Enquirer: 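Sharing a structure below in structure tokens format, with a few things to ask.
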Protein chains: 2
Amino acid sequence: MVQSVDRAMIILDCLKESPKGLGVTDLSKKLGVAKSTVHRLLSTLEKHRYVKKVNNEGIYQLGLKFLEMNHAVMENMNIVELAHPILDELTKTVAEITHLVMLENFELVYIDKVESTSTIRIYSQTGRRAPMHCTGVGKAMAAYFPEKKLERFFSHTDWKAFTPYTITKEEDFRAELDRIREKGYSLDDEEHEEGIRCVAAPVFNHQGEVQYAISATGPTNRMNNKRIEEIIPLVKKAAYKISKAIGY
Amino acid sequence: MVQSVDRAMIILDCLKESPKGLGVTDLSKKLGVAKSTVHRLLSTLEKHRYVKKVNNEGIYQLGLKFLEMNHAVMENMNIVELAHPILDELTKTVAEITHLVMLENFELVYIDKVESTSTIRIYSQTGRRAPMHCTGVGKAMAAYFPEKKLERFFSHTDWKAFTPYTITKEEDFRAELDRIREKGYSLDDEEHEEGIRCVAAPVFNHQGEVQYAISATGPTNRMNNKRIEEIIPLVKKAAYKISKAIGY
DNA sequence: AACGGTGTTCCTTATTGAGGAACAAGGAGA
DNA sequence: TCTCCTTGTTCCTCAATAAGGAACACCGTT
């Protein structure tokens with residue numbers, strides 16, 4: 001582990017949390033390192049445009065290089081291009097927000113979303129992360145893990161209870177996965193956030209492995225059992241379409 | 001300048017250019033540093049999710065942290081939120097692609113675009129960079145630089161000729177800026193790419209400084225002189241709206 | 001079975017990053 | 001207006017630590 005690189009990236013994290021930007025002194029206090037060290041790191045980051053000074057004063061913010069890098073990352077993920085139209089259609093038919101997620105280190109990463117009302121700020125919530133054990137998409141993916149991978153997932157998870165309905169025991173979770181495999185979809189019944197229900201389904205790649213998942217999410221008052229029953233086949237169908245689009 | 005941080009970021013640049021990802025040996029050759037050094041840097045970057053191994057083999061790609069960071073950067077740029085609906089409307093009325101750009105180190109950065117046909121991949125070309133001297137938006141902004149800043153710009157620019165029509169002399173450029181100030185808009189007449197014309201106008205902030213610019217771009221066959229004349233007031237009006245929205 | 005190619009680990013050295021202190025600049029308050 | 005904080009920035013010295021060579025482990029090919 002390279003200390004200076006590590007520190008540089010911690011600085012970036014700090015700046016991410018402080019939209020207004022931070023000065024050298026602020027950062028040096030936060031990190032517990034000398035001002036001069038922070039200053040040197042910032043200069044290096046600035047050279048590569050990962051940070052920038054706001055109107056040439058001593059306040060630093062995240063730089064525009066991140067737009068560039070984001071673009072490059074997105075380019076590689078042609079999954080978004082393939083899936084977006086299908087997600088778009090799904091949003092239209094179910095009139096609820098839909099998401100596309102993938103996995104990284106047993107954590108969910110939201111890589112696309114389509115809102116019913118506004119097409120604006122499509123990029124906004126992408127990049128958000130969430131745990132698997134308390135979400136529809138997380139469970140949908142876990143249900144199709146091979147046993148080995150599932151065990152590795154269990155050793156990673158902390159079973160944190162976000163609501164009274166969150167599943168927090170391995171045996172309960174395994175039972176839930178059996179149900180999901182049987183039905184081909186998963187439900188999130190206020191397990192992550194009270195008042196929110198969602199329907200999710202897995203997306204498989206050409207090797208038959210689960211690689212992504214999609215969901216339709218809404219408030220409990222709209223998402224009653226009758227509505228859920230209507231939505232289920234639509235989500236499953238959309239997930240299947242995406243699976244086929246990526247070569248399943 | 002911190003060597004290790006610098007190298008880490010050069011590695012990220014290399015990975016950006018190689019969508020398929022690179023191995024430790026490839027990178028070590030590219031950078032001219034030892035494999036072990038590259039490996040150590042990659043491990044540190046991986047810890048922060050700026051890079052990831054593709055299916056746990058020895059190939060590294062850009063990581064999903066960039067989506068997160070992009071999100072944070074975008075959040076701060078409420079300019080995009082403000083301008084997007086106006087850009088959207090402009091695209092509808094002129095039926096050509098429109099762009100919103102800002103400046104960084106006398107280079108243009110595209111921060112939003114609206115295509116006429118598809119709302120998909122809205123994020124795609126954002127983050128792209130281009131020189132000022134050969135683009136409509138670049139000239140529109142330069143026209144409203146204070147003399148001091150203009151001189152600094154001249155000392156930065158390389159006057160590279162992208163097409164036979166690119167302006168490559170300072171005196172010609174200054175004459176062009178005079179024309180732009182007089183008319184309140186700028187034209188790009190195949191100066192950056194043959195077959196492409198565009199109409200651009202500057203956006204001013206609350207201090208009356210030029211801070212952004214917008215443009216409508218299309219192929220020469222559609223963008224004849226008559227059409228250009230129709231488009232000009234629309235672009236100017238949209239730019240003015242955005243200026244007002246940010247407090248001009 | 002031997003080889004060439006990976007990525008990874010270890011260890012030693014001197015390169016280079018770190019931090020204290022001094023400096024410059026700017027703003028607030030008396 | 002002058003002073004006194006508090007900024008960011010620069011410099012310099014020392015030792016922490018990053019770098020690179022070499023050895024190792026692994027895989028696929030010949």
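None of the values given here were measured: they were computed from a predicted structure. Chain A is the first sequence line, chain B the second, and so forth, proteins listed ahead of strands; every chain is numbered from 1.
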Enquirer: Earliest and latest nucleotide of DNA chain D, 5' to 3', sitting under 4.0 Å from a non-hydrogen atom of chain B?
Expert: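 Under 4.0 Å from chain B, the extent on DNA chain D is D:dA18 to D:dG21.
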
Enquirer: Could you pull out the closest heavy-atom pair between B:V5 and A:T44, with the gap in Å?
Expert: CG1-CG2, 3.8 Å

Enquirer: Which heavy-atom pair separates A:M141 from A:Y212 by the least distance, and what is that distance?
Expert: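 Reported closest heavy-atom pair: CE-N, 3.7 Å.
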
Enquirer: In whole angstrom, what separates B:Q3's CD from C:dA14's P?
Expert: 16 Å

Enquirer: Considering only heavy atoms from C-beta outward, does the side chain of A:H99 approach that of A:V137 to under 4.5 Å?
Expert: no

Enquirer: Among all residues two or more places apart in sequence or in another chain, which pass the salt bridge (charged side-chain N to carboxylate O under 4.0 Å, His left out) test with B:K183?
Expert: none

Enquirer: Return the set of residues passing salt bridge (charged side-chain N to carboxylate O under 4.0 Å, His left out) with B:E182 (not counting sequence neighbours), or none when no residue passes.
Expert: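 Not a single residue meets the salt bridge (charged side-chain N to carboxylate O under 4.0 Å, His left out) criterion with B:E182.
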
Enquirer: So, do A:E104 and B:R49 sit near enough that their side-chain heavy atoms are less than 4.5 Å apart?
Expert: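 The answer is yes; the side chains approach within 4.5 Å.
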
Enquirer: Please report the shortest heavy-atom distance between A:K139 and A:D188, naming the atom on each side.
Expert: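 Residues A:K139 and A:D188, closest heavy atoms: NZ-CA, 4.5 Å.
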
Enquirer: So which of residues 7-28 of chain A are in contact with DNA chain C, with a heavy-atom cut-off of under 4.0 Å?
Expert: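 When residues 7-28 of chain A is checked for heavy atoms under 4.0 Å from DNA chain C, the hits, listed by number, are A:R7.
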
Enquirer: Which of parallel (below 30°), tilted (30 to 60°) and perpendicular (above 60°) describes A:F106 and A:F153?
Expert: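 Ring orientation, 0 to 90° scale: tilted.
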
Enquirer: Please report the shortest heavy-atom distance between B:A238 and B:I86, naming the atom on each side.
Expert: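 For B:A238 versus B:I86, the nearest heavy atoms are O-CG2, 3.7 Å.
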
Enquirer: Provide the closest heavy-atom pair for A:F66 versus A:L62 in the form atom of the first, atom of the second, distance.
Expert: CE1-CD2, 4.0 Å

Enquirer: So if I take residues 35-42 of chain B and measure heavy-atom distances to DNA chain C, which residues fall below 4.0 Å?
Expert: B:K35, B:S36, B:H39

Enquirer: Which angle, rounded to 10°, do you find between the first-five-pair axis and the last-five-pair axis of the helix from C:dA1-D:dT30 to C:dA30-D:dT1?
Expert: 30°

Enquirer: Can you name the nearest heavy-atom pair linking B:G184 to B:A201, along with the distance?
Expert: O-CB, 4.3 Å

Enquirer: Measure the shortest side-chain to side-chain distance between B:V109 and B:L103 over non-hydrogen atoms and say whether it is less than 4.5 angstrom.
Expert: no

